[in-house]
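All values reported here derive from a predicted model rather than from experimental measurement. Values below: all heavy atoms of this structure, side chains included; hydrogens, waters and symmetry mates excluded.
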Amino acid sequence: MKKILVLGSLNMDFVIRMKDKPEIGETILGRDVELVPGGKGANQAYATGKLGGDVTMLGAVGDDDYGEKLIQNLQDVGVDTTGVQRLGICSTGQAFVSVYDSGDNSIVVIPGANGRISKKMIEQNKRYIDECDYILMQMEIPLDVVKYVKELGVKGGKKIILDPAPAVPELEDDFWKGISLLKPNETELAVLTGQKVHGKEEVVKAAKSLVEKGVETVVVTLGGDGCILVNRDRVQCFPANPVKCKDTTAAGDSFIGALVVALSEGKDYENAIGFAQEVSSIVVTKRGAQTSIPTRVEVEERRKEKVE
């Protein structure tokens with residue numbers, strides 16, 4: 001099995017449940033609030049570890065109780081956390097997640113220690129890049145660090161996987177060169193390309209524009225409509241598994257984590273996406289971020305039940 005490095009954010013999520021999203025100036029009552037380990041980087045590392053991947057997490061937390069809990073949670077599923085730095089100069093990142101009865105959510109992130117990740121920190125931990133085969137990143141850490149690690153990875157012959165969230169508009173064309181896999185949703189794809197993405201044709205057109213700039217493969221996730229794979233050789237649609245959605249938190253993170261695990265095991269994109277969709281379809285039927293991510297055994301049992 002090939003080695004996976006996840007570079008990204010670690011946050012403590014404050015999950016607030018409510019009926020509907022409040023309008024501007026409106027005060028509403030929520031039902032409850034729960035503290036759940038999260039952060040896009042940590043979620044993806046957690047999913048990767050829980051699904052059996054050989055994964056190391058590189059990132060930063062504050063020297064506080066939240067940071068300690070986040071690290072322990074990753075260790076519990078076999079993630080190597082020796083690359084997670086504890087910083088005494090700031091607090092652990094925090095995210096305030098509003099979850100609505102529809103199953104949708106909206107999120108506000110306070111970066112904390114995530115915003116302190118620097119090129120110097122990467123240089124001090126470069127051995128993790130040298131030792132891995134896949135580098136999985138998001139954009140909840142400083143953009144200059146993402147760019148720097150991408151360049152190091154490309155020079156070292158690593159597979160670069162990017163979940164472009166939160167999406168940044170008007171990135172220079174050179175940024176896309178060397179990225180093996182990009183996984184935006186529709187909203188992120190629109191921001192990245194500056195194009196409209198209403199409907200399959202516009203999604204494919206926008207994705208192809210990124211392929212032309214150097215991305216090897218784009219997988220656009222479409223929520224309940226599944227996903228679309230676009231590269232120079234093909235365009236392929238993958239319908240979603242029909243399930244009753246309770247909470248979409250971490251659905252995208254679990255999808256990309258599962259996808260990288262499957263690719264690291266030698267699966268082709270068709271089988272890897274099928275596996276990733278199975279994982280995310282389980283996640284949306286549960287509450288929370290990392291707490292909703294299934295084990296490999298759960299996924300295989302679900303797939304076996306469908307065959308039978």
Engineer: Is any side-chain heavy atom of C132 closer than 4.5 Å to one of T56?
Structural biologist: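 No; the side chains remain at least 4.5 Å from each other.
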Engineer: Quick one: do I28 and K19 satisfy side-chain contact (heavy atoms from CB on, under 4.5 Å)? Show the steps, please.
Structural biologist: CA-CA 9 Å; I28 66 173; K19 183 178 180 180; over 6 Å; no
Engineer: Donor-acceptor check, side chain of Q277 to backbone of F238, threshold 3.5 angstrom: yes or no?
Structural biologist: yes
Engineer: Answer yes or no: does atom NZ of K205 have more than 12 heavy-atom neighbours from other residues, nucleotides or ligands under 6.0 Å?
Structural biologist: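 Not more than 12 within 6.0 Å, no.
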Engineer: Among V146, V215, I256, whose side-chain contact (heavy atoms from CB on, under 4.5 Å) with L162 holds?
Structural biologist: V146
Engineer: For F175, does its backbone N or O pair with a side-chain atom of K150 as donor and acceptor, under 3.5 Å?
Structural biologist: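 Side chain of K150 to backbone of F175, a donor-acceptor pair under 3.5 Å: yes, one is there.
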Engineer: Between K50 and D76, is there a donor-acceptor pair closer than 3.5 Å when you use the side chain of the first and the backbone of the second?
Structural biologist: no
Engineer: About how many Å separate CD of E131 and NZ of K158, when rounded to the nearest 0.5 Å?
Structural biologist: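 Answer for the NZ-CD pair, K158 versus E131, is 9.0 Å.
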Engineer: Please check: side-chain N/O of D133 versus main-chain N/O of K3, any donor-acceptor pairing under 3.5 Å?
Structural biologist: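 Looks like yes, one N/O pair under 3.5 Å.
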Engineer: Can you check whether G41's main-chain N or O pairs, donor with acceptor, with D253's side chain at less than 3.5 Å?
Structural biologist: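 Side chain of D253 to backbone of G41, a donor-acceptor pair under 3.5 Å: no, none is there.
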Engineer: Passes side-chain contact (heavy atoms from CB on, under 4.5 Å), Q195 versus L189? Steps please.
Structural biologist: CA-CA 8 Å; Q195 299 180 29; L189 182 63; over 6 Å; no
Engineer: Does atom CD of E26 have more than 12 heavy-atom neighbours from other groups under 6.0 Å away?
Structural biologist: yes
Engineer: Which is it for E298 and T295 under the side-chain contact (heavy atoms from CB on, under 4.5 Å) test, yes or no, and what are the steps along the way?
Structural biologist: CA-CA 5 Å; E298 288 179 78; T295 64; 3.3 Å; yes
Engineer: Measure the OG1-CG distance between T81 and L70 for me, rounded to the nearest 0.5 Å.
Structural biologist: 11.0 Å
Engineer: Taking the side chain as every heavy atom from C-beta outward, state whether V191 and V168 have any pair of such atoms under 4.5 Å apart.
Structural biologist: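 No - every pair of side-chain heavy atoms lies 4.5 Å or more apart.
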Engineer: Please say which of V260, V283, V219 ends up in a side-chain contact (heavy atoms from CB on, under 4.5 Å) with F255.
Structural biologist: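 Among the candidates, only V219 passes.
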Engineer: Just so I know, are the side chains of S98 and M18 near enough to count as touching, which here means a heavy-atom distance under 4.5 Å?
Structural biologist: yes
Engineer: Work out which heavy atom in G115 is nearest to a heavy atom in P142; give both atom names and the distance.
Structural biologist: O-CG, 3.6 Å
Engineer: Using 0.5 Å steps for rounding, measure from the CG atom of N43 to the CG atom of D13.
Structural biologist: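 Nearest 0.5 Å value for the CG-CG distance: 6.5 Å.
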Engineer: Taking the basic N atoms (NZ, or NE/NH1/NH2) and the acidic carboxylate oxygens, is any pair closer than 4.0 Å for R296 and E265?
Structural biologist: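 Salt bridge present between R296 and E265.
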Engineer: Determine yes or no for a side-chain-to-main-chain donor-acceptor pair under 3.5 angstrom, with Q44 supplying the side chain and L136 the backbone.
Structural biologist: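 Answer holds: no.
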Engineer: Take atom NZ in K213; do more than 12 heavy atoms of anything else shown fall under 6.0 Å from it?
Structural biologist: yes
Engineer: Can you tell me how far the CD1 atom of I117 sits from the CD1 atom of I141, to the nearest 0.5 Å?
Structural biologist: 4.5 Å
Engineer: Can you establish whether the number of heavy atoms outside D268 located under 6.0 Å from its atom CG is more than 12?
Structural biologist: yes
Engineer: Mark yes or no for whether Q72, through its side chain, and E68, through its backbone, hold a donor-acceptor pair below 3.5 Å.
Structural biologist: no
Engineer: With a sphere of 6.0 Å drawn around CD1 of I89, does it hold more than 12 non-hydrogen atoms of other residues, nucleotides or ligands?
Structural biologist: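 Yes, because the 6.0 Å sphere around CD1 of I89 holds more than 12 heavy atoms from other groups.
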Engineer: Between D32 and R17, is there a side-chain N and carboxylate O pair less than 4.0 Å apart?
Structural biologist: yes
Engineer: For Q94, does its backbone N or O pair with a side-chain atom of Y66 as donor and acceptor, under 3.5 Å?
Structural biologist: no
Engineer: Assess whether atom CD of E23 is packed by more than 12 heavy atoms of other residues, nucleotides or ligands within 6.0 Å.
Structural biologist: no
Engineer: Please determine whether a side-chain nitrogen of the Lys or Arg among D144 and K147 lies less than 4.0 Å from a carboxylate oxygen of the Asp or Glu.
Structural biologist: no
Engineer: Would you check, one step at a time, whether the test side-chain hydrogen bond (donor to acceptor under 3.5 Å, both in side chains) holds for Y128 with T82?
Structural biologist: CA-CA 10 Å; Y128 296 110; T82 53; 2.8 Å; yes
Engineer: Just checking, any donor-acceptor pair under 3.5 angstrom between side chains of D64 and T92?
Structural biologist: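 The answer is yes; a qualifying pair exists.
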Engineer: To the nearest 0.5 Å, tell me how far L5 CG sits from R127 CZ.
Structural biologist: 11.0 Å
Engineer: Test your reading of the model: is there a side-chain donor-acceptor pair from E151 to the backbone of Y148, 3.5 Å cut-off?
Structural biologist: no
Engineer: Please identify each residue that fulfils side chain to side chain contact (heavy atoms under 4.5 Å, CB included) with K120, with sequence neighbours left out.
Structural biologist: S118, Q124
Engineer: Out of curiosity, L7 CG to M57 CE, how far, rounded to the nearest 0.5 Å?
Structural biologist: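 Interatomic distance, L7 CG to M57 CE, rounded to 0.5 Å: 7.0 Å.
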Engineer: Quick check against the 3.5 Å criterion: does S9 have a side-chain atom that pairs as donor or acceptor with the backbone of G39?
Structural biologist: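 Checked: no pair found.
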